[in-house]
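Heads up: the structure comes next, in structure tokens.
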Protein chains: 2
Amino acid sequence: MTNSYLDTIDVRLLRYFAVVAEECNLRRAAQRLFMSQPPLSRHMKNLEEYLGVTLFTRHTKGLTLTNEGTKVLQTIQPLLRTQESVYEQLREFSTASEKRVAVGLTTAFEQGTFTTLEKRLREYYGERLRLVRSDSLKLVRDVKKGKLDAAFVALPLDAPGLELQATHYAEPLFAVLPSHWLEAEKPGLALKEFNGKPLFWFHRDSNPAFFDFTKTVFAHAGYEPLFMEEPEEHDVLLARIAAGEGIGLFAASFAAISRKGVTFSPVAEGELLRLALGITSLPGNEFLAQELVELAAAALPTP
Amino acid sequence: MTNSYLDTIDVRLLRYFAVVAEECNLRRAAQRLFMSQPPLSRHMKNLEEYLGVTLFTRHTKGLTLTNEGTKVLQTIQPLLRTQESVYEQLREFSTASEKRVAVGLTTAFEQGTFTTLEKRLREYYGERLRLVRSDSLKLVRDVKKGKLDAAFVALPLDAPGLELQATHYAEPLFAVLPSHWLEAEKPGLALKEFNGKPLFWFHRDSNPAFFDFTKTVFAHAGYEPLFMEEPEEHDVLLARIAAGEGIGLFAASFAAISRKGVTFSPVAEGELLRLALGITSLPGNEFLAQELVELAAAALPTP
DNA sequence: AATTTGTCATACCTTAGAGGTATCACAAAA
DNA sequence: TTTTGTGATACCTCTAAGGTATGACAAATT
């Protein structure tokens, strides 16, 4: 019996192949699969290598299936269908025959903000609920992969291909400063007072749209920050601010956390710099998303 | 519709589950799957998490399926069967409707050793052949994974669960020394003359059985080497030997490669330190293995 | 009762491979 | 000629699969 490499092919590759065959265009197929074009190109090449078959002819307008490619496509259809139906059946088995709900929760706001919401979610979904805390970008990735059904994320956020529903909830950003920088209590600090001073901020890659937006706001306010890489851990960040290395900008709810040596202070431009709470999900999960919006409306303060 | 994590489960996990369910024992199941017990334990835990179902009750004599576990097992059977049959059909598609043959070739011998063998293989299998060169241990791993149908490997080698057939071909080891260490031409150097001198040698982990064996031979010969980590690249190794950092021990065929500053010399214990050529494959591939043994017999010199 | 053995679980590490960005080569369209 | 849209390539990052070492625990053995 010749194994010829084939046993190790992931069914996922075959599913990718089906989508590519349908689109006849790598870029579009990649978009539908929530990935970028190059890895998909590689996957198709590998698949051809595995199978020992040329699946496509490549030309400058896209791809077209070869005859063998068509045959392969027909051959795998039953497998893809069987997988779907079996997975559908497996979903029925979850505890108490009820469908599980996996929901993400952003760490962009102070976690205490969500205690009521969490309680409501647990009451509402009971054992079926699976709650995951992470930063908005990882949550978006997991929603795309199907690991999460929906996620509460911080807006603004660019999530192409996903449904995105806003809730009423939003918070202005607060400045977090080393206490000794603040000569007197000044509510509503103007950002321009910090011109040239270092700001702990996220890397542009993690959310280009929001990064560029804030940069514009900073510029308008006359604040040209010296960007410093933000530490992962919240307490580390506070410690470094206390040490006078730079300032931070957090959602207002974080003012609930105090630390020796740092001062939370509202900024004059706070209303421009708002984080809103949104719910993201794959198209098709609108019902769940709507449920979550309503639960959030009932369980979050109206600021 | 709720995705609930489930879409991302690899079918492989389900296949593992089926094996575990059959064996009711993680260690044995892991052995059948060519992996160690801990990852399998984790996989089963993850699977339960994904499905939201307790599949097994764990006790001190092994595992037993729960009722839900049995139901899940029944549910996935059609998928596993469909996958097998579809993959079987896919194999038919390989170029010219012929089954492909993936064969590994060890780098433990000088590659020129195999020129005739390679030629024969290509003549015999034609386009169907896929030849991979790597070290014996990676080849064994790929054979286990099904990426290779069979591989020519260096013996002795411990490959539990795999078929292992010896060919008639074997080579003694030669010493490779910095030229300036050799005062006069001495054919048949005794290892003990190098006592305490550094030896570039492989890490024990890569082949414990062979490592221990050679160590015993060294000890008997009165050679207590100072083991040094062997560089990956052959030419780097030669350069460092030329620089006088230590000696090496290679299969005799490598004497074909000369380099300024190093001398290849047979060792008196060479007949004890032999590398043989073997063919390894998964049980069930005996026919191919036998073919390869015969091709090797015809294409390799009888030393 | 104490020891040994065989079970699964846990902690930690290494590494293959999936996916990302930047960029290329090429042909069709403008 | 330039622009635009195609797939391919090179290179990087990081997740997750698999490995080793070890633990906790119960049954079997002494």
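The sequence lines fix the lettering, A, B, ..., with proteins before strands; numbering per chain opens at 1.
- For the pair A:H43 and C:dG19, the criterion of a side-chain N or O lying under 4.0 Å from OP1 or OP2 is met.
- Looking at B:R91 and B:E88, a side-chain N of the basic residue comes within less than 4.0 Å of a carboxylate O on the acidic one, giving a salt bridge.
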Just to be sure I follow the notation: if a pair is Watson-Crick (purine N1 to pyrimidine N3 plus N6-O4 or O6-N4) or a G-U wobble (N1-O2 and O6-N3), each under 3.5 Å, what dot-bracket string does DNA chain D give, with | for pairs to another strand? ||||||||||||||||||||||||||||||
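- Checked for salt-bridge contact, A:K71 and A:E68 miss the test: no charged N lies under 4.0 Å from a carboxylate O.
- Where A:R12 and B:L63 meet DNA chain C, the nucleotide closest to each residue was compared, and B:L63 sits on the side nearer the 5' end.
- Nucleotides of DNA chain D with any atom under 4.0 Å from a heavy atom of chain B span, from 5' to 3', D:dA17 to D:dA27.
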Check the interface with nucleotides 26-30 of chain C: list each N/O to N/O pair with the protein under 3.5 Å, or write none.
none

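- The stretch residues 21-38 of chain A comes close to DNA chain D through A:N25, A:L26, A:R27, A:Q37, A:P38, each having a heavy atom under 4.0 Å from the strand.
- B:F211 and B:F227 have tilted rings, their planes meeting at an angle from 30° to 60° on a 0 to 90° scale.
- Here B:Y16 lies in heavy-atom contact (under 4.0 Å) with sugar-phosphate atoms only.
- When the P atom of C:dC8 is taken as reference, atom CG of B:N46 falls 17 Å away, rounded to whole Å.
- More than 12 non-hydrogen atoms from other residues, nucleotides or ligands lie less than 6.0 angstrom from NZ of A:K144.
- Under a 3.5 Å cut-off, the side chain of B:D142 and the backbone N or O of B:K147 do not form any donor-acceptor pair.
- In this structure, A:Q37 places its CD atom where more than 12 heavy-atom neighbours from other residues, nucleotides or ligands lie under 6.0 Å away.
- Below 30°, between 30° and 60°, or above 60°: for A:H43 and A:Y16 the angle between ring planes is between 30° and 60°, a tilted geometry.
- Distance check: A:Y50 OH to A:L14 CG gives 11.0 Å after rounding to the nearest 0.5 Å.
- Scanning both residues, A:G69 and A:F17, for their nearest heavy atoms gives O-CZ, 3.7 Å.
- One atom, NE2 of B:H59, and another, P of C:dC8, lie 8 Å apart when rounded to the nearest Å.
- Scanning all heavy atoms of the two residues, the minimum distance from B:A151 to B:L139 falls at CB-CB, 3.9 Å.
- The shortest non-hydrogen separation linking A:D10 to A:R12 is OD2-NH2, 2.5 Å.
- Nearest heavy-atom pair across A:L26 and A:L40 is O-CD2, 3.7 Å.
- A sub-4.0 Å separation between OP1 or OP2 of C:dA18 and a side-chain N or O of A:R42 is absent.
- To the nearest angstrom, P of C:dA18 lies 11 Å from CE of A:M44.
- A straight line from NZ of B:K138 to P of C:dG17 spans 11 Å, rounded to a whole angstrom.
- Residues forming a salt bridge (charged side-chain N to carboxylate O under 4.0 Å, His left out) with A:R32 (at least two apart in sequence, or on another chain): A:E22, A:E23.
- The nearest whole Å value for the distance from the CZ atom in B:R141 to the C1' atom in C:dG17 is 11 Å.
- In this structure, CG of B:D142 is placed 16 Å from P of C:dT15, rounded to the nearest angstrom.
- Qualifying side chain to side chain contact (heavy atoms under 4.5 Å, CB included) partners for B:R240, counting only residues two or more places apart in sequence or in other chains: B:F200, B:M228, B:P231, B:V236, B:E245.
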